[in-house]
Q: 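Would you mind keeping the following structure in view while I ask a few things?
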Amino acid sequence: MIGKVCCIGAGYVGGPTSSVIALKCPEVSVTVVDYNKDRIAAWNSEEFDLPIYEPKLVDVVRECRGRNLFFSTEVAESIKEADLIFISVNTPTKTFGLGKGRAADLKYIESAARCIADFAHGPKVVVEKSTVPVRAAESISRILRANSRNGNRFQVLSNPEFLAEGTAIKDLLNPDRVLIGGPQTEDGQHAVKCLCWIYEHWVGKENIITTNTWSSELSKLAANAFLAQRISSINAMSAICEATGADVGEVAHAIGRDSRIGPKFLQASVGFGGSCFQKDVLNLVYLCEVLHLPEVAAYWQQVVDINDFQRRRFSTRIIASLFNTVTDKKIAILGFAFKKDTADTRESSSIFICQHLIDEGAQVVVYDPKVREASVRRDLDMVCSDSEKAKKLVSVASDVYEAVKDAHAFVVCTEWDEFKELDFARIHSSMLKPSFAFDGRLILDHEQLRKIGFQVEVIGQASRQRLTNGWLAET
């Protein structure tokens, strides 16, 4: 039914999705296009030094590239030849104008739609893969109709991605569900069947859900909002635990055993990050405001507010534990990606923890096994009011033991598995005393660290010093 697929956008969604489609549909030619020449060059690199890191992604690209998977800057030619076109471009939050800080900026979506209208020959199925506000498909359809040439006909579908970075290939190969929304017309339903045909190569029909277009678009926002809500809920509980002496891990285990709640997304942490959660929740907030639902908007806004509160609360705890000052103190930040098994740093809590510490004059040393120094410096330049100060106070280490040497404290901000296996006795001997360990991801053996001699502070647990001194009971 479909012979050629074009994907506009060679980023975190377009690259992995297209690679898995090529893997599972060997009779279909898949071309990923992007105007960014450096990004396409990285996808085509002989050493397979891909522009994004995902476990197993390089194996899939290695098997398919040059056979039925191609990466190109020839956007016009690829659109012209394709039967089905995915739009997988970035939809960042607007930084100015109407809806600033909440609404999605659809300029790249509009640009992609206009490219399709300009270069398409013959009927096309156009699929919005990017996370978009409700009724974005209608906007794409209007642009295509208004600019259509030679009587071209377009059917616009919604097919949101539900990938989790770090497990993207696993999620693509074994999805909980594939959601496809389309017009409730004969031509629209035929287009839906064409896209279903692609996924049916490896996904059971019972896991492919078809809806109208608007339900599909809203379901993506709702899914991310619900997941973010879970994280903010357990993080709110972690604040109560620290104030009362309860243990958030024990609380999470207890409530997670309730089958109505379940155990997933109940891991307290320094807060959620990534390209989707905050952006999509804020998008939902803006949608509610536009629909004159202020109470609903305020409800979802609190999910983001608690996330910001959690980050500030944790960095304040670091400062308070280090005798209320971190000026000129070396603090090692272990992990800069927003989660393990990815190099993506977008909205990472590490950025904001570092920002708070830099504001207080700390000497911050960052170590992450996958994030490059250029990304660390770029992100911190964007949030620090004094970029020269940030440049002076921040360094990036390529070795974790070098990062913690002569440090007053180390702070686990990303749950990389390798951090669980470190030689903490060696680390303790190389640090200044007293040596502080801050676990913002609940991944370390806290009792073992205390036996070694660390002063351990754990998110969701009251400070041992406060409990010992009786301060907690008094307050």
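From a predicted model like this one, the values you see are computed outputs, not experimental measurements. FYI, side chains are in, hydrogens and waters are out, and symmetry mates aren't considered; it's all heavy atoms of this structure.
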Q: Going through the distances and angles, do Arg313 and Ser238 end up as a side-chain hydrogen bond (donor to acceptor under 3.5 Å, both in side chains)?
A: CA-CA 11 Å; Arg313 202 173 62 78; Ser238 75; 3.1 Å; yes

Q: Could you check if a side-chain atom of Leu357 sits within less than 4.5 angstrom of a side-chain atom of Ile333, using non-hydrogen atoms only?
A: yes

Q: Pro16 and side-chain contact (heavy atoms from CB on, under 4.5 Å): which partner among Ile169, Ile21, Val60?
A: Ile169

Q: Within the structure provided, determine whether Arg145 and Phe154 are in side-chain contact (heavy-atom separation under 4.5 Å).
A: no

Q: In terms of heavy-atom contacts, does CD of Glu27 have more than 12 from other residues, nucleotides or ligands at under 6.0 Å?
A: yes

Q: Of all heavy-atom pairs between Tyr108 and Asn90, which one has the smallest distance, and what is that distance?
A: CD1-O, 3.3 Å

Q: Working to the nearest 0.5 angstrom, can you tell me the gap between Asp359 CG and Cys384 SG?
A: 6.0 Å

Q: Would you say Gln184's side chain and Gly182's backbone share a donor-acceptor pair under 3.5 angstrom?
A: yes

Q: Under the 3.5 angstrom rule, does the side chain of Asp49 hit a backbone N or O of Ala42 as a donor-acceptor pair?
A: no

Q: Could you walk me through whether Arg377 and Val394 satisfy the side chain to side chain contact (heavy atoms under 4.5 Å, CB included) test, starting with their C-alpha distance in whole Å, then the side-chain angles of each, then the deciding distance to 0.1 Å, before giving a yes or no?
A: CA-CA 8 Å; Arg377 296 198 176 278; Val394 175; 4.2 Å; yes

Q: So which pairs with a foot in residues 282-315 pass ring-ring contact (aromatic ring centres under 6.0 Å, His included), sequence neighbours left out?
A: Phe226-Trp300

Q: If we ignore angles and hydrogens, is there a donor and acceptor under 3.5 Å between the side chains of Trp202 and Asn174?
A: no

Q: Evaluate the side-chain proximity of Leu195 to Asn159: yes if any heavy-atom separation is below 4.5 Å, no if none is.
A: yes

Q: Looking at Ser18 and Gly14, would you say the former's side chain and the latter's main chain have a donor-acceptor pair under 3.5 Å?
A: yes

Q: At what distance, to the nearest 0.5 angstrom, does NZ of Lys264 lie from CZ of Arg230?
A: 10.0 Å

Q: Consider only side-chain N and O atoms of Asn307 and Ser232, and report whether a donor and an acceptor are under 3.5 Å apart.
A: no

Q: For Lys389, I'd like to know if atom NZ has over 12 heavy atoms of other residues, nucleotides or ligands within 6.0 Å.
A: yes

Q: Evaluate the side-chain proximity of Phe352 to Asp308: yes if any heavy-atom separation is below 4.5 Å, no if none is.
A: no

Q: Strictly by ring-ring contact (aromatic ring centres under 6.0 Å, His included), give each pair with a member in residues 41-77 just once, sequence neighbours left out.
A: Trp43-Phe71

Q: Has Lys124 got a side-chain atom pairing as donor or acceptor with Ala82's backbone, closer than 3.5 angstrom?
A: yes

Q: Which atom names give the shortest non-hydrogen contact between Asp176 and Asn207, and what distance separates them?
A: O-OD1, 3.8 Å

Q: For Lys339 and Asp368: C-alpha separation, side-chain torsions, deciding distance, then whether salt bridge (Lys or Arg N to Asp or Glu O under 4.0 Å) applies.
A: CA-CA 11 Å; Lys339 62 184 290 188; Asp368 189 286; over 6 Å; no

Q: If you count the non-hydrogen atoms of other residues, nucleotides and ligands that lie under 6.0 Å from NE2 in His253, is the total more than 12?
A: no

Q: Once rounded to the nearest 0.5 Å, what's the spacing between atom CG of Leu218 and atom NZ of Lys220?
A: 12.5 Å

Q: Measure the shortest side-chain to side-chain distance between Glu63 and Leu23 over non-hydrogen atoms and say whether it is less than 4.5 angstrom.
A: yes

Q: Is it the case that the side chain of Asp105 and the backbone of Thr91 share a donor-acceptor pair, with hydrogens and angles ignored and the cut-off at 3.5 Å?
A: no

Q: Salt-bridge test for Glu74 and Lys80: reply yes if a basic N is under 4.0 Å from a carboxylate O, no otherwise.
A: no

Q: Check this for me, if you would: do Lys193 and Asp187 make a salt bridge, where the nitrogen-to-carboxylate-oxygen distance has to be below 4.0 angstrom?
A: no

Q: Quick one: does any side-chain atom of Gln461 pair with a main-chain N or O of Asp247 as donor and acceptor, under 3.5 Å?
A: no

Q: Strictly distance-based, threshold 3.5 Å: is any side-chain N or O of Gln310 a donor or acceptor partner for the main-chain N or O of Gly271?
A: no

Q: Flag the pair Glu242 and Arg317 as a salt bridge only when some basic side-chain nitrogen lies within less than 4.0 angstrom of an acidic carboxylate oxygen.
A: yes

Q: Scan side-chain atoms only and decide if Thr167 and Asp171 contain a donor-acceptor pair under the 3.5 Å cut-off.
A: yes

Q: Evaluate the side-chain proximity of Leu282 to Gln301: yes if any heavy-atom separation is below 4.5 Å, no if none is.
A: yes

Q: Do the side chains of Arg102 and Glu289 get close enough for a salt bridge, i.e. N-O under 4.0 angstrom?
A: yes

Q: Roughly how far, to the nearest 0.5 Å, is CD1 of Ile143 from CD1 of Ile140?
A: 7.5 Å

Q: A side-chain contact here means heavy atoms from C-beta on lying under 4.5 Å apart; do Thr414 and Ser350 qualify?
A: yes

Q: Any chance you could measure Phe272, atom CZ, to Gln278, atom CD, to the nearest 0.5 Å?
A: 6.0 Å

Q: Counting N and O atoms only, with roles assigned by atom type, does the side chain of Ser141 sit under 3.5 Å from a partner on the main chain of Ala137, one being a donor and the other an acceptor?
A: yes

Q: Assess the side chains of Ser78 and Lys4: does a donor N or O sit below 3.5 Å from an acceptor N or O?
A: no

Q: So how far is it from Ser88 OG to Asp34 CG, rounded to the nearest 0.5 Å?
A: 10.5 Å

Q: Quick one: side chain to side chain donor-acceptor pair (under 3.5 Å) partners of Glu110, sequence neighbours excluded?
A: Arg114

Q: Which atoms form the tightest heavy-atom contact between Arg311 and Ser349, and what is the distance?
A: NE-OG, 2.9 Å

Q: Any Lys/Arg nitrogen of Asp417 or Lys420 sitting under 4.0 Å from an Asp/Glu carboxylate oxygen of the other?
A: yes

Q: Under 3.5 Å, side chain of Ser375 to main-chain N/O of Thr345, donor-acceptor pair present?
A: no

Q: With no hydrogens and no angle check, just 3.5 Å: does a side-chain donor-acceptor pair link Ser19 and Arg65?
A: no

Q: For residues Val248 and Ile459, determine if any side-chain heavy atom of one lies less than 4.5 Å from a side-chain heavy atom of the other.
A: no

